[in-house]
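I have placed the structure first, in the form of structure tokens, so that the comments after it can refer back to it.
Counting starts at 1 for both ligands and their atoms, in listed order. Counting from 1, the numbers follow the sequence of the chain as shown.
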Amino acid sequence: MFNGHFERIFSTMFLIISSLFVHIAFLVSVVDIYFKSPIVHNIKPQSSPLEAPARRLVLMVADGLRADSFLGADDLFKTNASHLRHVIEEREAWGVSHTRVPTESRPGYVTLIAGLYEDPSAIAKGWKDNPVEFDSVFNESRYTWSWGSPDILPMFAKGASGNHVYIDMYGSEVEDFSGRRSTTRLDTWVFRKVEEFLNHAKTDAVLNEKLHQDKIVFFLHLLGLDTAGHTHKPHSVEYKENIRVVDAGIKRIEEMIEEFYQHDKKTAYVFTSDHGMTDWGSHGAGDKSETETPLVAWGAGVRGPRPSTSAEPSSPASWRLGHLSRSDVSQADVAPLMASLIGIPVPVNSVGTLPRDYLEVTEHHLSELMFSNARQMVAQYNKKRELTEAGSLSWIYKEFSVLNRSKETKLTDQIRSHIRAKRYTESVSTFLSFLCV
Ligand SMILES: *[C@@H]1O[C@H](CO)[C@@H](O)[C@H](O)[C@H]1NC(C)=O
Ligand SMILES: *[C@@H]1O[C@H](CO)[C@@H](O)[C@H](O)[C@H]1NC(C)=O
Ligand SMILES: *[C@@H]1O[C@H](CO)[C@@H](O)[C@H](O)[C@H]1NC(C)=O
Ligand SMILES: [Zn+2]
């Protein structure tokens with residue numbers, strides 16, 4: 001339908017919208033410096049008017065899985081992640097998700113699921129002492145069911161208003177760092193619970209009805225690899241065995257879910273980790289082994305494999321993925337990706353920008369998604385500006401008021417009318433004159 005000329009216009013428009021993101025993200029973070037917490041309340045959620053490509057999302061996070069351990073293979077070109085490996089080759093989009101320091105679990109999950117980077121002083125104090133409630137993909141979902149560790153799940157249920165985020169956790173006695181019992185129990189517990197849950201739903205009419213609605217999330221928190229890495233180190237047989245168990249479990253979960261939904265092709269899957277792990281079994285700092293985590297997405301709304309281009313980051317030879325397009329993201333970008341797949345608002349305090357490379361939707365749909373992500377950031381920026389102006393630091397703030405209210409209103413109105421009228425060229429110069437001052 002679109003010829004080359006239109007494609008060029010589209011890609012220019014997307015470039016410009018991206019620069020809008022970067023610009024606003026920069027402004028948001030500048031204003032952030034003057035705040036104790038990046039979390040601001042009472043921001044209106046923004047959503048795209050179009051029907052989402054997926055009705056449900058399965059988020060699986062292998063705690064402490066570094067990109068290299070998952071994607072690399074041994075000298076014999078064998079890998080223990082054979083299922084995920086196969087789907088990367090056949091039907092996935094993949095890349096490295098870059099985390100920030102400190103590479104700890106709680107900030108990692110907050111970044112993935114809420115799209116925000118926690119304030120370092122809050123991290124130092126520990127979440128329990130600083131129970132700020134925050135918006136998240138789970139809160140914006142219609143329902144979220146989650147399984148995993150009591151250290152992670154409760155904070156997302158706590159931030160969610162109403163009773164729509166369900167958690168099922170093992171007792172802390174199951175977590176055993178002594179190395180006497182296999183760490184894979186933490187993961188097999190989760191896989192077993194999901195299986196029981198889906199079986200139960202077949203006979204529970206109320207649950208079944210909920211499960212057949214759209215905008216729902218399943219979250220599988222898989223802690224085994226983190227424990228295996230701390231106890232046995234990432235090059236150990238135990239860590240590799242745990243990768244095998246996670247890979248096989250994911251294969252099984254996908255089969256069960258597809259069967260449950262009768263292969264309706266409306267499920268999106270995202271697999272990633274919160275942080276990596278050094279060779280000596282630690283994390284927290286900024287080494288590549290700690291900050292590089294795998295991101296793989298497949299299913300409804302996600303593009304299939306594409307040949308790589310020269311502009312992409314190169315991967316270690318042992319990954320043997322040089323032929324496939326690699327789409328790296330910042331960890332916070334996973335939140336808008338997940339929100340866009342199931343058509344819910346991006347969490348209001350998110351600083352993530354939609355990694356459009358992962359999506360397979362029409363250009364119109366993509367521009368709506370990007371526009372709602374931009375509006376979400378503008379709303380956040382405005383709220384922060386309001387608070388800053390009301391505060392005592394308004395004299396510092398003045399230096400940064402590049403994007404004032406009237407300018408911003410004009411900008412968003414113009415983008416909206418351009419998208420509506422499919423006048424993509426005009427929007428380009430508008431964006432440029434407003435933003436690149
Ligand atoms: C959770 O979502 C609801 C509905 O969008 C919103 O009103 C509420 O403020 C959110 N919770 C937090 C902590 O932001
Ligand atoms: C797969 O895991 C086993 C342990 O279960 C390990 O001995 C083997 O080296 C691993 N293979 C690869 C390719 O990592
Ligand atoms: C907003 O910024 C634009 C351009 O930077 C300027 O022309 C306009 O006067 C400003 N408006 C207000 C209310 O400060
Ligand atoms: Zn850990």
>> Is there a salt bridge (Lys or Arg N to Asp or Glu O under 4.0 Å) between Arg192 and Glu195? Walk through the geometry before answering.
In response: CA-CA 5 Å; Arg192 199 187 63 232; Glu195 182 162 5; over 6 Å; no
> Would you call the rings of Trp147 and Phe197 parallel, tilted or perpendicular, where under 30° means parallel and over 60° means perpendicular?
Replying inline: perpendicular
>> Below 2.8 Å, can you find an N, O or S atom of His283 next to the Zn ion (ligand 4)?
In response: yes
> Based purely on interatomic distance, does His41 place a nitrogen or oxygen under 3.5 Å from a nitrogen or oxygen of ligand 1?
Replying inline: no
> Quick one: nearest non-hydrogen protein atom to atom 3 (C) of ligand 1, plus distance?
Replying inline: Ser161 OG, 3.4 Å
> Which ligand 2 atoms does Val237 reach within 4.0 Å, using its non-hydrogen atoms?
Replying inline: 4 (C)
>> From the N, O or S atoms in His230, identify the one nearest to the Zn ion (ligand 4).
In response: NE2
> CG/Asp187 to OG/Ser182 distance, rounded to the nearest 0.5 angstrom?
Replying inline: 8.5 Å
> What protein heavy atom is closest to atom 9 (O) of ligand 1, reported as residue, atom name and distance in Å?
Replying inline: Asn139 ND2, 4.9 Å
>> Under 2.8 Å from the Zn ion (ligand 4), can any N, O or S atom of Glu104 be found?
In response: no
> Among all protein non-hydrogen atoms, which one is nearest to atom 13 (C) of ligand 1, and what is the separation to 0.1 Å?
Replying inline: Gly159 O, 3.2 Å
>> So, regarding Thr79 and ligand 2 (criterion: nitrogen or oxygen to nitrogen or oxygen, under 3.5 Å), is there a contact or not?
In response: no
> Taking it one step at a time, do Asp287 and Arg66 satisfy salt bridge (Lys or Arg N to Asp or Glu O under 4.0 Å)?
Replying inline: CA-CA 11 Å; Asp287 190 73; Arg66 74 188 209 199; over 6 Å; no
>> Under 4.0 Å from atom 7 (O) of ligand 1, is there at least one protein heavy atom?
In response: no
> Step by step, would you call Phe219 with Trp145 a ring-ring contact (aromatic ring centres under 6.0 Å, His included)?
Replying inline: CA-CA 6 Å; Phe219 171 44; Trp145 288 272; over 10 Å; no
> Are any of the N or O atoms of Arg244 closer than 3.5 Å to those of ligand 2?
Replying inline: no
> Parallel, tilted or perpendicular: which describes the rings of Tyr261 and Phe218, with under 30° parallel and over 60° perpendicular?
Replying inline: tilted
>> Looking only at the aromatic ring of each residue, does the gap between the centers of Tyr109 and His221 stay below 6.0 angstrom?
In response: yes
> With a 4.5 Å limit on heavy-atom distance, are the side chains of Pro154 and Met169 in contact?
Replying inline: yes
> Which one holds for Glu140 and ligand 1: side chain close, backbone close, both close, or neither close, with close meaning a heavy atom under 4.0 Å?
Replying inline: side chain
